[in-house]
Engineer: 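First the structure, then my questions, so here it is.
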Amino acid sequence: MKYPIEIIGATDIVDLPDLDWFNIPVRIDSGANTSAIHCSRVGLVKEGDQTVLRFHLDAKKGAPQQSFSVTDFKETIIRNSSGREEKRYVIKTRIKIFGRNIRTEFSLANRRKMRYPILIGRKLLKNRFIIDVSQKDLSALKRSGVTAHANNKN
């Protein structure tokens, strides 16, 4: 099913159903290539003959207070917001936004000092969304039945 391109604001509220994390505030960032999730205690663990990636999400922002382990991950170099290259692990998971379940990549990052625990980057936005920075939380408003015009307070 082909979805229409949606207008997305500078921020929104999303769900990560595979990680049992709901109503998460996110920041839309067209300057970031990859989306990122705030995680702590990220590391590789040997379980039998398999190496798994284990991490914890931000319980202060409503994430489940448990560790997650995945076997489907990769390691990559990402340029952070300061312009420095850093090694990060990348996982694939589903994000629910505008009623769509989109399977996409997220790098696991330390976003402790950031207001939003999740950053949505260009890979997820491309061919799906157009950003209107004067708007916010359009997916959440659509889910609640409120029109975008009510959100635009100029």
Side-chain angles (χ1 to χ4, degrees), residues 1-131 136-144:
M1 175 179 198
K2 180 127 169 111
Y3 288 95
I5 292 179
E6 297 267 5
I7 296 174
I8 193 167
T11 63
D12 219 315
I13 308 291
V14 304
D15 296 332
L16 296 179
D18 297 338
L19 300 176
D20 203 29
W21 193 6
F22 303 94
N23 298 313
I24 315 155
V26 299
R27 181 78 157 146
I28 310 306
D29 185 355
S30 63
N33 190 40
T34 308
S35 300
I37 300 175
H38 171 61
C39 292
S40 61
R41 296 180 271 171
V42 178
L44 298 177
V45 179
K46 201 77 165 150
E47 288 183 359
D49 61 345
Q50 200 170 32
T51 300
V52 299
L53 176 65
R54 187 168 291 154
F55 58 94
H56 286 79
L57 299 173
D58 191 352
K60 292 178 185 172
K61 298 282 187 185
Q65 293 186 338
Q66 67 187 45
S67 69
F68 289 88
S69 298
V70 296
T71 55
D72 183 16
F73 66 91
K74 67 181 181 181
E75 194 175 312
T76 190
I77 302 296
I78 293 184
R79 194 172 304 277
N80 67 20
S81 58
S82 304
R84 292 193 202 115
E85 289 184 346
E86 60 184 49
K87 180 179 76 170
R88 286 195 199 162
Y89 295 104
V90 176
I91 65 167
K92 286 186 178 181
T93 192
R94 287 181 306 137
I95 182 171
K96 187 169 184 179
I97 185 166
F98 285 98
R100 301 187 210 180
N101 278 300
I102 302 168
R103 186 161 169 80
T104 192
E105 292 184 341
F106 287 92
S107 70
L108 304 183
N110 181 346
R111 296 184 50 78
R112 181 181 63 245
K113 295 179 182 177
M114 306 297 183
R115 183 172 173 196
Y116 296 89
I118 296 180
L119 185 83
I120 302 297
R122 290 190 310 271
K123 280 185 182 177
L124 188 141
L125 298 168
K126 188 177 180 179
N127 298 322
R128 292 184 179 105
F129 302 101
I130 295 173
I131 305 168
K136 64 180 185 174
D137 305 342
L138 295 178
S139 172
L141 290 168
K142 185 175 182 178
R143 183 171 29 179
S144 69

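Heavy-atom basis, side chains included; hydrogens, waters and symmetry copies ignored.
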Engineer: Just wondering, more than 12 heavy atoms not from Q65 lying within 6.0 Å of its CD?
Structural biologist: no
Engineer: Is it the case that more than 12 heavy atoms not belonging to K46 sit under 6.0 Å from its NZ atom?
Structural biologist: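 Enclosed.
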Engineer: Locate the shortest heavy-atom distance separating I13 from R143; write the atom from each residue and the value.
Structural biologist: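 Shortest heavy-atom separation between I13 and R143 comes out as O-NH2, 3.8 Å.
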Engineer: In plain terms, say whether R84 and E86 are close enough for a salt bridge, that is, a side-chain N and a carboxylate O under 4.0 Å apart.
Structural biologist: no
Engineer: Are the charged groups of D72 and R103 less than 4.0 angstrom apart, N to O?
Structural biologist: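 Counted as a salt bridge, because a side-chain N and a carboxylate O are separated by less than 4.0 Å.
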Engineer: What distance do N101 atom CG and T93 atom OG1 have between them, rounded to the nearest 0.5 Å?
Structural biologist: 10.0 Å
Engineer: Hey, what do you get for CD1 (I28) to NZ (K136), rounding to the nearest 0.5 Å?
Structural biologist: 13.5 Å
Engineer: Count the heavy atoms belonging to other residues, nucleotides or ligands that lie under 6.0 Å from NZ of K96, then report whether that count exceeds 12.
Structural biologist: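 Result for NZ/K96: open.
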Engineer: Nearest 0.5 Å, what's the CG-CD1 distance between L124 and I8?
Structural biologist: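 Separation between the atoms: 7.5 Å.
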Engineer: How far apart are the closest heavy atoms of L16 and R94, and which atoms are they?
Structural biologist: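 Looking at all heavy atoms of both residues, the closest pair is CD2-O, 3.4 Å.
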Engineer: Could you walk me through whether R54 and S69 pass side-chain hydrogen bond (donor to acceptor under 3.5 Å, both in side chains), step by step?
Structural biologist: CA-CA 4 Å; R54 187 168 291 154; S69 298; 3.1 Å; yes
Engineer: Output the distance between atom CZ (R88) and atom CG (N110), rounded to the nearest 0.5 Å.
Structural biologist: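 CG of N110 is found 9.0 Å from CZ of R88.
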Engineer: Under the rule for ring pair (Phe, Tyr, Trp, His ring centres under 6.0 Å), what residues qualify as partners of F129, not counting sequence neighbours?
Structural biologist: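 Only F98 meet the ring pair (Phe, Tyr, Trp, His ring centres under 6.0 Å) criterion with F129.
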Engineer: Can you establish whether the number of heavy atoms outside K123 located under 6.0 Å from its atom NZ is more than 12?
Structural biologist: yes
Engineer: Answer yes or no: does atom CD1 of I7 have more than 12 heavy-atom neighbours from other residues, nucleotides or ligands under 6.0 Å?
Structural biologist: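 Counting neighbours around CD1 of I7, 12 or fewer heavy atoms of other residues, nucleotides or ligands fall under 6.0 Å, so no.
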Engineer: Could you tell me the separation between the CD1 atom of I37 and the CD1 atom of I91, rounded to the nearest 0.5 Å?
Structural biologist: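 If we round to the nearest 0.5 Å, I37:CD1 and I91:CD1 are 4.5 Å apart.
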